[in-house]
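What follows is a single structure, written as structure tokens, with notes after it.
Per chain, numbering begins at 1; letters A, B, ... match sequence-line order. This one's a predicted model, so the numbers in the text were calculated from it and none came from an experiment.
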Amino acid sequence: MTDKKQVVTRFAPSPTGYLHIGGGRTALFSWLYARRNNGKFLLRIEDTDRERSTDAAIEAIFEGLRWLGLEWDGEVTYQFARQARHREVAEELLRQGKAYYCYTSPQELEEMREKAKAEGRPIRYDGRWRDRDPSEAPEGVKPVIRFKSPNEGETIVRDHVMGDVRFANEQLDDLIIVRSDGTPTYNLSVVVDDHDMGVTHIIRGDDHLTNAGRQSQIYAAMGWDVPEFAHVPLIHGPDGAKLSKRHGALGVDAYRDMGYLPEAMRNYLARLGWSHGDDEIFSTEQAIGWFDLDHIGRSPSRFDFAKLENLNGHYIREKDDTALADETIELMQRLGHWADGGNFGTEFRAKLIAAMSGIKERAKTLLDIGKGAEFLRAKRPLALDANAAKLLDADARALLARLTPTLEAVAGWAAGDIEAAVRNFAEAENLKLGKVAQPLRAAATGSSVSPPIFDVLATLGREESLGRIRDQAA
RNA sequence: GUCCCCAUCGUCUAGUGGCCCAGGACGUCGCCCUCUCACGGCGAAAACAGGGGUUCGACUCCCCUUGGGGAUACCA
């Protein structure tokens, strides 16, 4: 017990679609656990289903992990490429009498299931070839190889999340480890790969919990050490049903496109199903320092956008203005929202950065920042939204006309200069500041909502500001 | 059908027999701040699924019921 092996975790997605949020979280947990223990975090692509695996999906998985900031160690392992090794193990099992050829046809299997179902008996293979002599093999039938699993006793999966899970061995039938076409199946491949890769801790979705029992038996048959297991409950949708593609399960790329920050995603995902006391907001470094398997919850959780948004808003407010500006421009352009030929030159970027502290204060996502920055891109004469139009009634326009000379006379154009002038004006007119500020805001931004109006005017610049105000004055 | 897992506010969760007539966070609702909206501050409503045990004492341990979820493939 003294020579503790280095911790090795892995993330093993099958490339049949984008990297969904549940996968992202398991990857995060595995990554955190490896980093926490100065171990390695490996990536294995389970591409043995040749029909459904695609290169695009593999790329999406890489992209998703990179965006989440989950760098894996070493080379990526492709399971399909290791077929020969998997078959080798199957043959070893065969040699040791721990596996056997089974000539049962799919039709027979089907009948077996029908019958079992009709009689209300458990649906599983009856082991008809388990002890039969190979000489009885029918002509021309390509056999599968089945694992000879113990019939008596029980298999215990010691799970860090679920505790000890016991399976009666009679429940576990002899599973196929090599198909009739000679290709190995999942349960064999995972065991061989995890063993060969030196994986010490398997952290994965709890839909694999029953597999863990079967896999434990294979480890035992080969005389290999069984790794530590941690089966994490799945994430459900807002309606409580399993988060699936039909249920609006989204790829991590979708979250990026919605303007969420990776640091916020990491924080949110870490907190979803895992806890460190009452801590809600913590950095990735803290998560690495704190992460453990014992505080992963056992019950499934639901994905809550409202909380993610709140967290994202927090990280946006914390983030550097320049970085935020650049990321927003990148996102808006990639999404085609700002592809209208509007200026994205250094001038716009500078204005965006200057206005950022005010804009990010009221943004929950990068998309919100984009929206909040519209007033910087707007061209005269400004289009007014409904609220702004309502604000700019005849009285307000007259007020702006009276205000204009005051503004023209402002010496500097810093927010403080403008504010002082406007406050004096309001006082002279015997008006509350709001009565002047709102029409001003409507004229300057075309909206009833914006960052503090004097900041807005300052970043807009003297000429542009006065122009916009004159446009609405009457 | 069979097997396995789960069950605290609407949601994420703290809680590992007495510190809990249950704490935090998001959301919701008030109030304050205020040039709008936000941010921020203060406050409120809001939960131990039900029933049996065990115990001097159960949110915490055991059993049952109910309700969710997962697995039962020559998919992974």
- line: Quick note, Glu361(A) side chain, CB onward, closest among C37(B), A38(B), A76(B) is A38(B)
- prompt: Given atom CD of Gln438(A) and atom P of U34(B), what is their separation to the nearest angstrom?
  reply: 16 Å
message: Let me spell it out: for each of Ser450(A) and Arg166(A), pick the nucleotide of RNA chain B with the closest heavy atom. Which residue's pick is nearer the 5' end?
response: Arg166(A)
message: Just by distance, no angles: are the side chains of Arg441(A) and Gln438(A) close enough, under 3.5 Å, to form a donor-acceptor pair?
response: yes
message: Under a 4.0 Å threshold between the charged nitrogen and the carboxylate oxygen, would Glu88(A) count as salt-bridged to Arg85(A)?
response: yes
message: If I pick the C1' atom on A25(B) and the same atom on C9(B), what distance separates them, to the nearest angstrom?
response: 12 Å
task: Mind checking Thr48(A) for me? I need base, sugar-phosphate or nothing, with any heavy atom below 4.0 Å counting as a touch.
output: sugar-phosphate
- request: Check every atom of G70(B), C12(B), C4(B) against the side chain of Leu234(A) and return the nucleotide holding the closest atom.
  value: G70(B)
- request: Tell me what Ile123(A) touches on the nucleic acid: a base, only sugar-phosphate, or nothing, going by heavy atoms under 4.0 Å.
  value: base
- line: The residue, Asp47(A) or Arg298(A), whose nearest nucleotide of RNA chain B is more 5′ is Arg298(A)
- request: Tell me what Asn211(A) touches on the nucleic acid: a base, only sugar-phosphate, or nothing, going by heavy atoms under 4.0 Å.
  value: base
query: How is Gly213(A) classified with respect to the nucleic acid when contacts are heavy atoms under 4.0 Å: base, sugar-phosphate, or nothing?
result: nothing
message: Could you check, using the six-membered ring where one of them is a Trp, whether Phe29(A) and Trp274(A) have ring centers closer than 6.0 angstrom?
response: no
Thr210(A) vs G70(B): side-chain N/O to OP1/OP2 distance below 4.0 Å: no
- request: Among the candidates C35(B), C12(B), C5(B), find the nucleotide nearest to the side-chain atoms of Ile453(A).
  value: C35(B)
- prompt: In chain order, what residues pass the ring pair (Phe, Tyr, Trp, His ring centres under 6.0 Å) check against Tyr33(A), with sequence neighbours excluded?
  reply: His201(A)
query: Counting side-chain heavy atoms from CB outward, which of G40(B), C4(B), A25(B) is closest to Glu280(A)?
result: A25(B)
Whole-Å gap separating P (A73(B)) and CZ (Arg52(A)): 15 Å
- prompt: Taking only side-chain nitrogens and oxygens of Arg271(A), does any of them come within less than 4.0 Å of OP1 or OP2 of U11(B)?
  reply: no
- prompt: Do Arg362(A) and C39(B) have a side chain to base donor-acceptor pair shorter than 3.5 Å?
  reply: no
- prompt: Between U11(B), A76(B), C39(B), which nucleotide has the shortest distance from any of its atoms to the side chain of His208(A)?
  reply: A76(B)
message: What contact category does Pro452(A) fall into here, base, sugar-phosphate, or nothing, at under 4.0 angstrom with non-hydrogen atoms?
response: base
- prompt: Is there a Watson-Crick or G-U wobble partner for G18(B) with both distances under 3.5 Å, and which nucleotide is it?
  reply: C56(B)
message: Taking donor-acceptor contacts at under 3.5 Å, does the side chain of Ser180(A) reach the base of C74(B)?
response: yes
message: Mind checking if Lys364(A) touches a base, just sugar-phosphate, or nothing, with heavy atoms under 4.0 Å?
response: sugar-phosphate
query: Starting at CG of Leu272(A) and ending at P of A25(B), how long is that distance when rounded to a whole Å?
result: 18 Å
task: Decide, yes or no, whether a salt bridge links Asp173(A) with Arg214(A) under the criterion of side-chain N to carboxylate O below 4.0 Å.
output: yes
query: Does the pair Lys115(A)/Glu111(A) count as a salt bridge with the N-to-O cut at 4.0 Å?
result: no
- prompt: Glu110(A) has an atom CD; how far is it from atom P of U72(B), in whole Å?
  reply: 16 Å
field: Rounded distance in Å - NZ (Lys435(A)) to C1' (U36(B))
entry: 13 Å
Selection from A76(B), C4(B), G24(B) that lies nearest to any side-chain heavy atom of Ser14(A): A76(B)
- request: Determine the contact category for Phe454(A): base if any of its heavy atoms lies under 4.0 Å from a base atom, sugar-phosphate if only primed atoms, P, OP1 or OP2 are that close, otherwise nothing.
  value: base
message: Of the options C74(B), G24(B), A14(B), whose atoms approach the side-chain atoms of Val144(A) most closely?
response: C74(B)
- request: Go through C39(B), A14(B), A25(B) for me and flag the one nearest to the Asp278(A) side chain.
  value: A14(B)
- prompt: Do Glu152(A) and Asn169(A) have side-chain atoms, one donor and one acceptor, less than 3.5 Å apart?
  reply: no
- prompt: Using atom P of each nucleotide, how far apart are A44(B) and C63(B) to the nearest Å?
  reply: 40 Å
message: Should the side chain of Asp206(A) and the base of G70(B) be counted as holding a donor-acceptor pair, with the cut-off at 3.5 Å?
response: no
query: P atom, G15(B) versus G70(B): distance in rounded Å?
result: 27 Å
message: Below 30° counts as parallel, above 60° as perpendicular, anything between as tilted: where do the rings of Tyr255(A) and Phe303(A) land?
response: tilted
task: Once you apply the 3.5 Å cut-off to both distances, tell me the Watson-Crick or G-U wobble partner of G1(B), or none.
output: U72(B)
statement: Against the side chain of Gln79(A), the closest entry in U36(B), A76(B), C26(B) is A76(B)
field: Value in whole Å for how far the C1' atom of A38(B) lies from CD of Glu309(A)
entry: 13 Å
message: Side chain of Tyr186(A) only, heavy atoms from C-beta on: which candidate in A76(B), G69(B), U11(B) is closest?
response: A76(B)
- request: Under 4.0 Å between any heavy atoms, over every strand shown, what does Arg423(A) touch: base, sugar-phosphate, or nothing? Just pick one.
  value: sugar-phosphate
